[in-house]
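Encoded as structure tokens, the structure appears first; notes follow it.
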Amino acid sequence: MSTTTSKKQLSISDLAALVPDGASLALGGSFLHRGPFALVRELIRQGRKDLEIIKQSPGYDIDLLCRAGAVRRTRAGIVAMEGNFGLAPWYRKAVEQQQIELEEHACATLTAGLRASAFGVPFQPVGGVHGSALVELNGWKALDDPYGQGEPTYVIPAIKPDFAVLHVNEVSPDGDVRVYGTSHWDRIMTRAADKVIVVAERVASEESFRTQPELTLVPHFMTTAYAIVPGGAWPGSCWPEYEVDYPAVTAYLEDAPGVLDAHLDAAPEARETEAAHV
Amino acid sequence: MSTTTSKKQLSISDLAALVPDGASLALGGSFLHRGPFALVRELIRQGRKDLEIIKQSPGYDIDLLCRAGAVRRTRAGIVAMEGNFGLAPWYRKAVEQQQIELEEHACATLTAGLRASAFGVPFQPVGGVHGSALVELNGWKALDDPYGQGEPTYVIPAIKPDFAVLHVNEVSPDGDVRVYGTSHWDRIMTRAADKVIVVAERVASEESFRTQPELTLVPHFMTTAYAIVPGGAWPGSCWPEYEVDYPAVTAYLEDAPGVLDAHLDAAPEARETEAAHV
Amino acid sequence: MSESWSGFSYIVTNLARFVRPQEVTFSGVNSTLPMLACLMAKRAYDFEFTFINVAGGVDPQPSMIPISSSDPVLAERSTAIFANEDFYDLCTRGRMDLCFLGAAQIDGLGRTNVSSIGDWHAPKVRLPGGGGGAVMLPTARRACTWRTEHSTRTLVEKLDFVTAAGGLAGVVTPIAVFIKRDDKLALASWHPEVTLEEVKARTGFDFDATGATPTPLPTQEEIDALRSLDPTGQFERDAKVKLH
Amino acid sequence: MSESWSGFSYIVTNLARFVRPQEVTFSGVNSTLPMLACLMAKRAYDFEFTFINVAGGVDPQPSMIPISSSDPVLAERSTAIFANEDFYDLCTRGRMDLCFLGAAQIDGLGRTNVSSIGDWHAPKVRLPGGGGGAVMLPTARRACTWRTEHSTRTLVEKLDFVTAAGGLAGVVTPIAVFIKRDDKLALASWHPEVTLEEVKARTGFDFDATGATPTPLPTQEEIDALRSLDPTGQFERDAKVKLH
């Protein structure tokens, strides 16, 4: 397996280069927690356009992408900066000014669509939703129970992202993935997407994975490629490595010229690249 | 939480006593591996009748229950003793002589039915099945994709066992559950069933669960009660504790008077009780 | 009990009072006050219940109280990780006893809007969106929400958009506690420092107030629990709750 | 290569030859010969592929070769546990490149019966049942099976029950290898010690034999790999495969 190893490990810029303009990306994590933010920033640096962003609870990531004008459409459950930061301002503006298309979900309906893809079926029943105006908005259909036992049940069409993009604690040389604490919706995203790309805090030995295989969230054969970016979930948290960098989020939210570039330049993956060039 | 602890831990006979005649049981494990066999034997000792057994791949368990005349109906994917033991003889006889009702599934259709219950929906789409005579046999319905994207897809009605019964490596005092190696279908069974009852090799400290919560398969609040029976998956395996006891399986399969009783008496939970009475 | 009962303490305490023994209670994202309420209930009440949260925690032992109610510290020293798919399924299959959900607007039927102020397609304010509500509100055994502002802007006659239906079991504002009765919100109690008339005047929908009384003051255990959770008053300052 | 090619070695080796570089290959329950084939391919062939199995293993390093093909040792020192729900979903979403499935009867369309001999409702022999087949056979990219007996009892004109349709990509018996061509089973090759006529006489369905040749003898690598997996010949004795 050692031969596969080097093939899968890429620089963050080469990893981002796998994603073309117009691609649909399911982003892992939730709000400010364990999001694949280094990859998101690298997509912006590379000028990616027309992306479709799929995530139950985006925040910083979708806001940043909207601020950079990289988004065509988002399919999301709940969008906010969270903590005490409230709404995501550039996302909000992009929707209010109709610069991006929004497919508004409940988190569980988005999960249902991902499950349909993961299970290889065209639609997935979901509990609840009755009485919500989201039904008409999205054209969701209710199906009668053909067995006559249950109430009419809404079904969500399959959602199949081109890429699932995760930030994780550890990756094996061959691409096995491990996270600590909650996996959020990362698991179902990796089963629904066409390809899985990963940013990890560090490489852990194959041996360590073989010792506790029960902890592996994504087996290596599902991982297309990965990059190692310590601190890559900045300014968010990556349990148990680091907490949210609240001052950095506050600085990001300032609405002034140069703030976006300064923020991108302050990111760990940018500083690392700079350091490498010295 | 210490107060809950003693309430949930029962003797194997008190645990079995929770299951009434006619109950439907989803049994964990697969074939000879990590099945809740101590509990199954205790149900037989207590003379339980008319049980419905739900399991993708039963073998020794369903055979034993059929041999003891405890089964009314089984819903199963594949039934065999496995290894070199071939078919399950008493199960086979019970079906051939129409002493029990069989609902024959593909393993994945049974899983789909369990998923429907776990997800709180009346039916669950499943991939495949097209062209199988199981469709007509079970009256499974194909639904058109209301979104016009996919092919007609078979849906399986919800399967909701009264109990999920697992054999596991470790349980916390309060009922958190941990298994090593594959979880087979145990996870979805615990999410589909009305109640979860557990036989464990041993109690592990609450602290050990708090140290690696990612390894917990079933959180304590889902567990109704548990018993501790070291070796309780005998004559099957429980990774990494012990392998299959092949001579014991061979002895069980002998068709002679007294074999069933001798087998039940040789089981770890029977020897333990006997020892306790000395 | 100090000289006055702050709106912040009123909301947290009355949310905590929805927690019942032996139940499974959930708090989610953007939900600092319910998070504090769940932690308060653990400290103030002499009964057991299971606290699960959006960080995957199951009865965790967090080393600090986080600003973000989805912070991973809320799964610290948890006995299990019960991640998002799992707790949503628990809810849709009818096993979530109590869940706390956010809302921007609430109507008299206990429905919520978290989607937009103004027309959805051309919003004045684009709100966070569907989140847990549309699925959890109709499927949880009881769902409760809160508002830090009690006004006809937040408690409305007509929602700008019906994000979630199904009927809230409880709503807590700085001055009132509503519960579900005959599939509508009814007043259960009001802040002892305001009047029933003020509650009515500041509420956009009609409600039944039969049997409603001033809310019982916080117990010493509730006061102590909240003080231990917010010793410096930072959460109270951040929440910016005003009675009037 | 010894003086003769045993039926046991013929089956294992020809199943192994269905494994392709970079693919995901699965072996299941009641499947000792495919299990040996996957392990043989790992040892004999100079390419990488992912071996997953019903014990949850992903490229495991088992400390012994188990009698039961679902034995947990097949997940020993695995890099991940990929449990049953996961590998079934992998298959139904079209990402299982090759899976090995059992069969009692096989027809000329590559459909299988694992349910009953005789009428399903009053069976002469109740067989194991649906298992992986009904879902995996139609959804795997390629599904292969094997029989240790090549006869008109096992390779039939008409199945007693169609448990799984979708068309096998390959069938290996002690004397022949069939592949899928134009949605039917066609003969690819036959055991060098039998004749095409014998294969035809012992097969219940008609098949196309265009281009079929005697099967290439096992390579030294294949022979060595199988010997290392079954050094005492116990698996071969247990399998009781007869050429004639």
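Since the model is a prediction, treat every value here as computed from it, not as a measurement.
Heavy-atom distances place the side chain of B/L87, and not its backbone, under 4.5 Å from chain D. Contacts of B/L110 with chain D are absent, with no heavy-atom separation under 4.5 Å from either backbone or side chain. If you measure heavy-atom distances from D/A122 to chain B, the contacts under 4.5 Å come from both the backbone and the side chain. For chain B, the nearby part of D/M64 is the side chain; its heavy atoms alone come within less than 4.5 Å.
Ranked by heavy-atom pairs shorter than 4.5 Å toward chain D, the options B/G59, B/A80, B/A88, B/A108 are led by B/A108. Chain D forms more heavy-atom pairs under 4.5 Å with one residue of B/G181, B/C238, B/G236 than with any other, namely B/G181. Taking B/L32, B/V135, B/V95, B/L102 one by one and counting their heavy-atom pairs under 4.5 Å with chain D, the maximum is reached by B/L102. Highest contact tally toward chain B, considering only D/G56, D/P123, D/P72, is held by D/P72 [criterion: heavy-atom pairs under 4.5 Å]. Your options are D/A83, D/G57, D/G166, and the one with the most heavy-atom pairs under 4.5 Å with chain B is D/A83. Among the candidates D/G102, D/G131, D/A165, D/P66, the residue making the largest number of heavy-atom pairs closer than 4.5 Å to chain B is D/G131. For chain B, the option among D/L159, D/I81, D/V54 with the highest count of heavy-atom pairs below 4.5 Å is D/I81. Comparing B/P240, B/G77, B/G131 by how many heavy-atom pairs each has under 4.5 Å with chain D, the most go to B/G77. Annotation: maximal heavy-atom pairing with chain B below 4.5 Å, among D/A55, D/A140, D/A75, D/G133, occurs at D/A55.
You'll find the side chain of D/V114 stays beyond 4.5 Å of the side chain of B/I78, heavy atoms only. Two residues are said to be in side-chain contact when any heavy atoms from C-beta on lie closer than 4.5 Å; D/P138 and B/V129 fail this criterion.
Within a 6.0 Å radius of CG in D/D208, other residues, nucleotides and ligands contribute more than 12 heavy atoms. Atom CZ of D/R153 is surrounded by 12 or fewer heavy atoms from other residues, nucleotides or ligands within 6.0 Å.
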What are the atom names and distances for all donor-acceptor pairs below 3.5 Å between chain D and chain B?
residue, atom, partner, partner atom, Å
D/N30, N, B/E82, OE2, 2.6
D/S68, OG, B/H33, NE2, 2.9
D/S68, OG, B/E82, OE1, 2.5
D/S69, OG, B/E82, OE2, 3.2
D/S70, OG, B/H33, NE2, 3.2
D/S70, OG, B/E82, OE1, 2.9
D/E85, OE1, B/R115, NE, 3.1
D/E85, OE1, B/R115, NH2, 3.0
D/D89, OD1, B/R115, NH1, 3.1
D/D89, OD1, B/R115, NH2, 3.4
D/D89, OD2, B/R115, NH2, 2.7
D/S115, OG, B/E104, OE1, 3.4
D/S115, OG, B/E104, OE2, 2.5
D/W120, NE1, B/E104, OE1, 2.6
D/H121, O, B/Q98, NE2, 3.2
D/R126, N, B/E96, OE2, 2.7
D/R126, NH1, B/E104, OE1, 3.0
D/R126, NH2, B/E104, OE1, 3.0
D/P128, O, B/V79, N, 2.9
D/G130, N, B/G77, O, 2.9
D/G130, N, B/E104, OE2, 2.9
D/G131, N, B/G77, O, 2.9
D/G131, O, B/C107, N, 2.9
D/A134, O, B/V129, N, 3.0
D/V162, O, B/A133, N, 2.7
D/T163, O, B/S132, OG, 2.6
D/D238, OD2, B/N84, ND2, 2.9

